[in-house]
Amino acid sequence: MNKPDQKRKILVTAALPYANGPIHLGHMVEFIQTDIWVRFQKLRGHECLFPWSDDTHGTAIMIRARAEGRSEEEVIAEADADHQRDFQGFQLQYDNYGSTHSDENRQVCGEIWKTLRDAGLVKEKDVEQLFDVEAGTFLADRFVNGTCPECKRTDQAGDNCECGHTYSPTELIDPVSVLSGTTPEIRSAKHLFIELEQLHDFLRQWTQSGEHLQPEVANYLKGHFLGDPDSKEGAKELRDWDISRPAPYFGFEIPDSPGNYWYVWFDAPIGYIASTLQWCKKNGQSLDNWWKNDAAEIHHFIGKDITYFHTLFWPGMLKAAGYSLPTKVHVHGFLTVNGEKMSKRKGTAFKAATYLKHLNPAALRYYYASKLGSKLDDIDLNFEEFTTKVNADLVGKVVNLASRSAKFVKDVGLSETYPDDGGLFESAAATGDEIAAAYENCEYNKAMRLILELADRANPYVENAEPWNLKKDPEKASELQDVCTVALNLFRQLVIYLSPVLPDLAEKTGALLNDPIVSWDQSKTPLTGTTVSKFKHMMKRIEEKDVKAMEEESKAEAEAAAAAAQTAATADQFNDSGQPMIDEPMAEECTIDDFMKVDLRVARIVSAEHVEGARKLLKLTLSLGGDHRKQVFAGIKAAYEPETLVGRQVVMVANLKPRQMKFGLSEGMVCASGPGGEEVFLLSPDDGAKPGQRVH
RNA sequence: GGGCCAGUAGCUCAGUUGGUUAGAGCAGGGGACUCAUAAUCCCUUUGUCGCGGGUUCGAGUCCUGCCUGGCCUACCA
C-alpha cells in the first residue's frame with residue numbers, strides 16, 4: 001500500500017488522559033505503544049505529528065473541584081502539569097500538549113457542531129434523570145446508588161446490579177445520591193441527540209471494509225451495534241447519541257442551546273483536532289493540511305474500553321463534518337499485574353511517578369514492547385519476568401556487545417573498510433524489512449524477537465573471534481580492530497532497530513561511535529573509519545531491591561489513601577497524630593460559666609466574596625435565621641473558594657465584640673481548626689441543624 | 001443473559017493458506033571461557049497443543065459441543 005521509499009504524512013494520537021487522576025502504568029502501555037510507533041515513523045523518514053492533550057471536562061472534574069474547594073481550572077492545571085512531568089520521564093515525544101478546555105477546542109467544537117446541525121443530524125428529546133437538589137446537579141449513573149428493581153439487593157450502582165440486571169437510575173428503588181446522601185428527585189430536561197442511524201450505511205461500509213480496524217473490532221461492532229443486513233436478524237438500528245448535559249456541568253456551553261453543555265465525549269476526541277490546531281498556529285501550518293487532506297494518514301491508538309466511541313461516533317462525526325476519516329484505529333488490551341487486574345486498593349495500580357522514582361523508563365518501554373502485539377489481548381506485568389528479560393536481553397546480550405569490544409578500539413577507531421564478517425551484517429540488514437513491517441503493524445513483540453535473534457548471532461561471533469586473545473599479540477592489532485569493528489557494527493545495527501523503543505540507548509550509541517542515529521537506513525550500511533569514544537555504562541541492570549522498593553511505596557500509598565478515606569468516611573481510625581496538641585497545647589482550665597459567655601451559633605453562609613486588597617480574608621455574610629445577619633471577615637481565602645461556601649452551615653462566635661478591620665466591620669468569627677493558610681477546616685453541624693441554634 | 005478474544009513445555013510466547021519426528025527465549029541440569037554490568041558461549045531435560053466429538057489420506061491448524069480465563073454489553077469518565 002505504502003512504498004517504503006515514499007514519504008508519508010502521518011498524524012498519530014493516543015487517548016487523552018483524564019484530568020481527574022494521576023497516570024499509572026496501565027495508561028503507559030498505550031502511551032509507550034504510541035510513542036514507539038511515532039518514533040519508528042520518524043526514523044523511517046516520514047513526517048509524523050503527535051498532537052496530544054488532557055481531557056478535562058465532565059461531571060467528575062466538577063465534583064472533584066467542589067469537594068476540594070477550588071476551581072475546575074485549578075484542578076485541570078495541576079493534572080496537566082503532573083501528566084506532562086510523567087510523560088517526559090518516560091521519554092514520550094509528542095509535538096503539542098493541549099487541553100480540551102482550550103479556545104481552540106471550543107472553536108473546533110462549534111464548527112463541527114454547526115455542520116452537524118446543518119446536516120440535520122441533531123434532534124431534541126426530553127430525558128428523565130435524577131437530580132440532587134442539595135448538590136444542585138443532575139446525577140450521572142455512577143453518582144447514584146439504590147436498591148435493584150429486579151432482585152432488591154441494596155446499595156447497587158446506578159445502572160446495573162451485581163445480579164446482572166441493567167436499568168435506568170430512575171428505576172432504582174430508594175435512590176441515594178453519593179454526592180450528598182440525599183434522595184434525588186426525577187427531573188426532566190431537554191437533551192440534544194445525534195441521530196447516528198442516518199450514518200448507518202456509511203459506518204457499516206467504513207467499519208467492515210477491513211482497512212481501518214482489526215478484524216475482532218469490526219466483528220464486535222457488527223455483532224453489537226450495526227447488525228448484518230444479510231443475516232436472519234438483519235441490520236440493527238443505531239441508537240441516538242445523547243451529546244448534551246444540562247447545567248451545572250464543567251464543559252462548553254452549546255452556543256445555540258443555552259444552559260446545555262456538550263457532553264465530555266463530544267469534545268474529547270475533537271481535542272485531537274484542537275491540539276493539532278494549536279501546533280499548526282505555532283508552526284505556521286494549515287489545519288486542513290492534516291485533517292482535510294487525503295494524502296495525510298490519521299492513526300488513533302486507544303484501549304479496548306473506548307472502542308465504541310472511536311469507531312462509530314468519531315468516524316460518524318468526522319464524516320458528517322467533512323474531516324478526514326481515521327486511516328486506522330489501533331486498539332490494544334489492558335495491563336494486568338502479576339496476572340491480576342490492577343488494583344488501587346492492593347497498590348498494584350502503580351503510578352508512573354512512583355515507577356520513575358525507582359526504575360529506568362527504558363526498562364518498561366522495552367518490556368512493554370516485547371509483550372505488545374496487534375491483538376486486543378491483555379498484557380501482564382510480571383516483575384520477575386520484567387527483571388530477567390531486561391537484564392538478559394538488553395544488558396546481557398545487546399549492550400554487552402559494545403561493552404566487550406569498544407575499549408579495544410578506543411585509540412584506533414573503526415577499521416577503514418568493513419571486514420568480512422561471514423555475512424552477519426548483511427543478513428541482519430536484510431531482516432530489517434521484516435522488523436520494520438512488524439513495527440508498522442504494531443507487532444512489537446515480533447520485532448523484539450527478531451532483533452534478539454540477531455543479537456544471539458552476534459555474541460557467538462565475538463566468542464569465536466576472541467578479541468581478548470588477539471589483544472595479547474601486537475602483530476594482530478589490525479585483526480583485533482576488524483573484529484571489534486564487526487562487533488560494534490552489529491551492535492549499532494541492533495540499536496538502530498531498537499531506537500524507537502530505546503531512544504536513550506540510541507543517543508548513547510551515537511555518542512560512542514561518533515555518528516548519531518537518525519535514520520532506519522543507517523542499519524543497511526556498516527559504519528567505518530570513525531573514532532570510538534571511551535565506553536561508559538549504557539544501561540543499568542534492574543535490581544530486585546528497586547522493584548521491591550517501588551512495590552512497597554505503591555502499597556504504602558494505597559494504604560495511606562485507604563486509611564484517609566476511611567477516616568473521612570467513618571472516623572473509625574484512632575491512630576491520629578499527636579502533633580496538633582504539641583503545636584497548640586491545651587489552654588488553662590475554665591468553668592462552665594466561662595464557656596457560657598461565648599455564644600456559639602449555627603449560621604448559614606448566605607454570601608461569600610473576595611475582598612479587594614486583602615491577602616487572606618474573605619467577606620462572609622452569615623444568617624442566624626429570620627433577618628439576623630452578621631458580617632464577618634474570615635482568614636480562609638487560601639483554603640476556600642467563595643462559591644463553594646455559599647449555602648453552607650458553619651459554627652460562629654455570635655457575641656464577639658465587633659471589630660473594625662481595614663476592610664470593614666467584622667461582627668463575629670467562624671469556627672475552624674487547622675494551622676492556617678491552606679490548612680483551614682471549617683466546622684459544620686450535622687444535617688438537621690438550623691441557623692440560629694445555640695451550640696451547648 | 002448475549003457477544004468478542006484467548007487457552008501450545010515450570011514461565012512468556014512463535015507456529016503462515018491443514019502436510020514429514022510441534023519450535024524459541026527464560027527458568028532447570030552439565031560443561032567452556034574470562035574481554036564484558038556474576039555478563040557470554042556450547043551441550044541438555046520437559047509437551048494427552050484446555051476437554052469431548054466430527055470432517056480429512058493427514059488437524060495445534062477446519063467444524064461442533066463443553067470447560068476455564070480476560071474483556072465488552074452505548075447516555076461510564
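Proteins come first, then strands; the chains are lettered A, B, ... in the order of their sequence lines, and each starts at number 1. Values below: all heavy atoms of this structure, side chains included; hydrogens, waters and symmetry mates excluded.
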Spacing of the P atoms in B/C57 and B/G15 (rounded, Å): 29 Å
Considering only B/C26, B/G25, B/U12, which nucleotide approaches the side chain of A/Asp456 most closely? B/G25
Return the pairing partner of B/C13 with a 3.5 Å limit on both distances, Watson-Crick or G-U wobble; otherwise return none. B/G23
Quick one: label A/Leu452 by what it contacts on the DNA or RNA (base, sugar-phosphate, nothing), any heavy atom closer than 4.0 Å. nothing
To the nearest angstrom, the NZ-C1' distance between A/Lys375 and B/C71 comes to 15 Å
Under 4.0 Å between any heavy atoms, over every strand shown, what does A/Phe334 touch: base, sugar-phosphate, or nothing? Just pick one. sugar-phosphate
Between A/Arg541 and B/A39, is there a side-chain N or O to OP1/OP2 distance below 4.0 Å? yes
G-U wobble or Watson-Crick pairing nucleotide for B/G69 (cut-off 3.5 Å, both distances): B/C5
Among B/A77, B/C4, B/U37, the one nearest any side-chain atom of A/Glu216 is B/C4
In whole angstrom, give the distance that lies between atom CG of A/Asn391 and atom P of B/A39. 8 Å
So which nucleotide from B/C41, B/A36, B/C75 ends up closest to the side chain of A/Asn459? B/C41
Give a yes-or-no answer on whether the side chains of A/Ser275 and A/Ser53 include a donor-acceptor pair shorter than 3.5 Å. no
What integer distance in Å separates A/Phe535:CZ from B/A39:C1'? 11 Å
Separation between the P atoms of B/U17 and B/G2, rounded to whole Å: 31 Å
If only side-chain N and O atoms of A/Tyr461 are considered, is one of them under 4.0 Å from the OP1 or OP2 phosphate oxygen of B/C41? no
Under the 6.0 Å and 45° cation-pi test, does A/Lys304 pair with A/Phe334? yes
Among B/C26, B/A77, B/C71, the nucleotide that comes nearest once only the side chain of A/Thr388 is considered: B/C26
Phosphate OP1/OP2 of B/C5 contacted by A/Asn219 side-chain N/O (<4.0 Å): yes
Nucleotide nearest A/Asp377 when distance is taken to its side chain, options B/A6, B/C75, B/A39: B/A6
Under the criteria of a ring-centre distance below 5.5 Å and an interplanar angle below 30°, is A/Tyr220 stacked with the base of B/C4? no
Tell me which of A/Asp393 and A/Glu463 sits closer to the 5' end of RNA chain B, going by the nucleotide each one is nearest to. A/Asp393
Mind checking A/Pro467 for me? I need base, sugar-phosphate or nothing, with any heavy atom below 4.0 Å counting as a touch. nothing
Of the options B/U37, B/C75, B/U40, whose atoms approach the side-chain atoms of A/Arg245 most closely? B/C75
Using a distance-only test with no angle check, is there a side-chain donor-acceptor pair under 3.5 angstrom linking A/Gln33 and A/Glu30? no
Above 12 or not: heavy atoms from other molecules or residues under 6.0 Å from CD of A/Glu507? no
Given the options A/Ser415, A/Pro419, A/Pro467, A/Gln481 meets side-chain contact (heavy atoms from CB on, under 4.5 Å) only with A/Ser415
Expressed in angstrom and rounded to an integer, what is the separation of A/Lys222 atom NZ from B/C4 atom C1'? 13 Å
Ring center gap for A/Trp241 and A/Phe193 short of 6.0 angstrom: no
Using the C1' atoms only, state how far B/C49 lies from B/A6, rounded to an integer number of Å. 14 Å
When rounded to the nearest Å, what value does the distance between C1' atoms of B/C41 and B/C33 take? 7 Å
So A/Phe250 and A/His57, would you call those rings parallel, tilted or perpendicular, with 30° and 60° as cut-offs? perpendicular
Interatomic distance at C1', B/U45 relative to B/C26, whole Å: 15 Å
Are A/Lys397 and B/C26 close enough that a side-chain N or O sits under 4.0 Å from OP1 or OP2? yes
Take atom NE2 of A/His310 and atom C1' of B/A77, then tell me their distance rounded to the nearest Å. 13 Å
Compare the aromatic ring of A/His191 with the six-membered base ring of B/C75 and state whether they stack according to the 5.5 Å and 30° rule. no
Find the distance A/Glu443:CD to B/A14:P and express it as a whole number of Å. 10 Å
How is A/Asp380 classified with respect to the nucleic acid when contacts are heavy atoms under 4.0 Å: base, sugar-phosphate, or nothing? nothing
Distance, rounded to the nearest Å, where A/Trp468 contributes CH2 and B/C35 contributes C1': 6 Å
Relative to the ring of A/Phe266, is the ring of A/Trp113 parallel (under 30°), tilted (30 to 60°) or perpendicular (over 60°)? perpendicular
Mate of B/A32 where both pairing distances stay under 3.5 Å, Watson-Crick or G-U: B/U40
Considering just the side-chain nitrogens and oxygens of A/Lys407, establish if one lies under 4.0 Å of OP1 or OP2 belonging to B/A36. yes
Of all the choices, B/C41, B/A14, B/A39, which nucleotide is nearest to the side chain of A/Arg449 once you look at every atom? B/A14
With a non-hydrogen cut-off below 4.0 angstrom, is A/Trp241 in contact with a base, only sugar-phosphate, or nothing? nothing
Could you work out the separation of B/G19 and B/C42 based on their C1' atoms and round it to a whole Å? 34 Å
Interatomic distance at P, B/A77 relative to B/A14, whole Å: 35 Å
Pick the C1' atom in B/G60 and in B/U21, then give their distance to the nearest Å. 16 Å
